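Report on the structure given below.
Reminder, nothing fancy here: chain letters follow the sequence lines and each chain counts from 1. The structure displayed is predicted, hence computed values, not measured ones.
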Number of protein chains: 2
Amino acid sequence: MSKNDSISMSVIRRLPRYYRFLSELNDQNIDKISSTKLAQIMNVTASQVRQDLNCFGGFGQQGYGYSVSQLKEEIKNILGLNNDYKAILIGAGNLGKAVAMHMNFEKLGFELIACFDNNEQKVGSKLNGITVKNESELDDFCNKNHIDTAFLCIPRVCVENVLDKLYSHGIKNYWNFSHYDINARYNDTMVENVHLSDSLMTLCYRMNNN
Amino acid sequence: MSKNDSISMSVIRRLPRYYRFLSELNDQNIDKISSTKLAQIMNVTASQVRQDLNCFGGFGQQGYGYSVSQLKEEIKNILGLNNDYKAILIGAGNLGKAVAMHMNFEKLGFELIACFDNNEQKVGSKLNGITVKNESELDDFCNKNHIDTAFLCIPRVCVENVLDKLYSHGIKNYWNFSHYDINARYNDTMVENVHLSDSLMTLCYRMNNN
DNA sequence: TAGATTGTTAATCGATTAACAATC
DNA sequence: TAGATTGTTAATCGATTAACAATC
């Protein structure tokens, strides 16, 4: 279909940032912007802005620039934020709790429909209105509900067991906070990793070598 | 000094991953590995492994390969994980709590020495043995203690005020969980961003366009 | 020594930037 | 129309991969 056949990850990873800056401009009731000005604000080159946007279509108007509100909506659609992907969260520890409580899933194209934990202590507690279920109910829940993606907030050593179960139910999209290498086990999965400790190590390196 | 004059961010961001895989191999008591085998395990090319490592020195031995334990230690040193950088955490909400409780700072070159929050409800509670202080004590604390870096787990709108304060005390390294653009305000800061919602949006895009 | 594997140079590939014709 | 700014092609830059001589 049309242009977005094989957009590079470099471009894809910049999209949320465009979306954020455009949302801000829109909130400030600015209705037009040129690639040059947007680039200035975002601290990138105007060429990059135009190249990136043109991966998806000609959203601008020569001699004028881009309509902020229109471009913002375009990117929202490109990202797919109007979706309502059903997500479940595995692991209601500190990290899982933070993910459940902190994120505005609705604005990101997701709906969190259930949380699971294997710790009896946590079962029954509520996260953003969702009662934490016992992990033993996971299979049953997967059978009875359509699930698009799983957010894994469990320790590395626990992932394989849970992953095998989820994969057997056809779940192939993962937001993974552990260091378990999901793709190595199932190469047809779509995995977005968040490696907090890698990020902190990178900061450490840079502090050493500034 | 020597080789690591201007290592590209691409290489730097791969270092934690090397460190992880080497640590694992070491735990399995494997004592030698070739670039080819390591590349296989990590799903990259052997060329990249050798190029990356040679940015920092010739750690291998021709005809033999690399000593796992030695290479692991080398990378640990390159990353600077033996440091004891003093860090403070701003924001003891769900995210801040998760960061404080979940991370093994000691193994990452940091020591968390204080937490602050402006919410009276949170002040006095304990995170991993550290009592949450009132944000009003921040200035005083900065005056009396050496601080290398701040972890910002506060909402975007709260960052500017806190940042100005921290920067005035000479703190220039930040682990930033908000969408506030620290570098735009102070361009001599070292910032490592964690943008959870950007990550989730990227997953959303990829789910739409698999 | 012969075999293996590194360190490093050269070739390729992809991403970013510059330039400019098209056009509003 | 003249001025501005896009969309797009071409040039540059950097990162990845391949090749191979050095050497353990």
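- Between the CD1 atom of B/Ile7 and the P atom of D/dG14 there is a distance of 15 Å, given to the nearest Å.
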DNA chain C in dot-bracket form (Watson-Crick or G-U pairs under 3.5 Å, [ ] crossing, | inter-strand) is ..||||||||||||||||||||||

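- Comparing C/dC24, D/dT8, C/dA15 by their nearest atom to the side chain of A/Asn54 picks out D/dT8.
- Nearer to the 5' terminus of DNA chain C, by closest-nucleotide assignment, is the contact made by B/Ile33 (compared with the other of A/Val11 and B/Ile33).
- For D/dC24, the OP1/OP2 oxygens have no side-chain nitrogen or oxygen of B/Tyr66 closer than 4.0 Å.
- Remark: A/Ile113 CD1 to A/Ile147 CD1 distance equals 5.5 Å, nearest 0.5 Å.
- Note: A/Tyr85 and A/Phe105 fail the aromatic proximity criterion, with ring centroids not under 6.0 Å apart.
- Under the 30°/60° scheme for interplanar angles, the aromatic rings of A/Phe56 and B/Tyr205 are found to stand perpendicular.
- Contact check for A/Asn83 versus A/Phe110: no side-chain heavy atoms found under the 4.5 Å cut-off.
- With D/dT6, C/dT5, C/dT17 as the choices, the nucleotide that has an atom nearest any side-chain atom of A/Gln48 turns out to be C/dT17.
- Atom NZ in A/Lys32 sits about 16 Å away from atom P in D/dG3, given to the nearest Å.
- Checking C/dT16, D/dA22, D/dT6 against the side-chain heavy atoms of A/Ser35 singles out D/dT6 as nearest.
- When all heavy atoms of A/Ala100 and A/Asn128 are compared, the pair lying nearest together is O-ND2, 2.8 Å.
- Each of A/Ser47 and A/Met9 lies near DNA chain C, and the nucleotide nearest A/Met9 is the one positioned closer to the 5' end.
- Computed from coordinates, the A/Phe56 CZ to D/dT6 P distance equals 18 Å when rounded to whole Å.
- Side-chain to base pairing of B/Ser8 with D/dA15: no donor and acceptor N or O lie closer than 3.5 Å to each other.
- For A/Arg50, taking side-chain heavy atoms from C-beta onward, the closest of the listed nucleotides C/dT5, D/dT8, C/dG7 is D/dT8.
- We find that CG of A/Asp52 is positioned 12 Å from C1' of C/dT17, with the value rounded to whole Å.
- Across D/dT17, D/dA10, C/dT6, the shortest atom-to-atom separation from the side chain of A/Gln51 is found for D/dA10.
- When each of C/dA15, C/dT5, C/dC20 is scored by its nearest atom to the side-chain atoms of A/Ser10, the top-ranked nucleotide is C/dA15.
- Note on ring orientation: taking the six-membered ring where Trp is involved, the planes of A/Tyr167 and A/Tyr186 are parallel (angle under 30°, cut-offs 30° and 60°).
- Looking at A/Gln62, its side chain has no donor and acceptor atom pair within 3.5 Å of the base of C/dT23.
- A pairwise comparison of heavy atoms in A/Ile12 and B/Thr202 identifies CG2-CG2, 3.9 Å as the closest pair.
- When the C1' atom of C/dT5 is taken as reference, atom CZ of B/Phe59 falls 17 Å away, rounded to whole Å.
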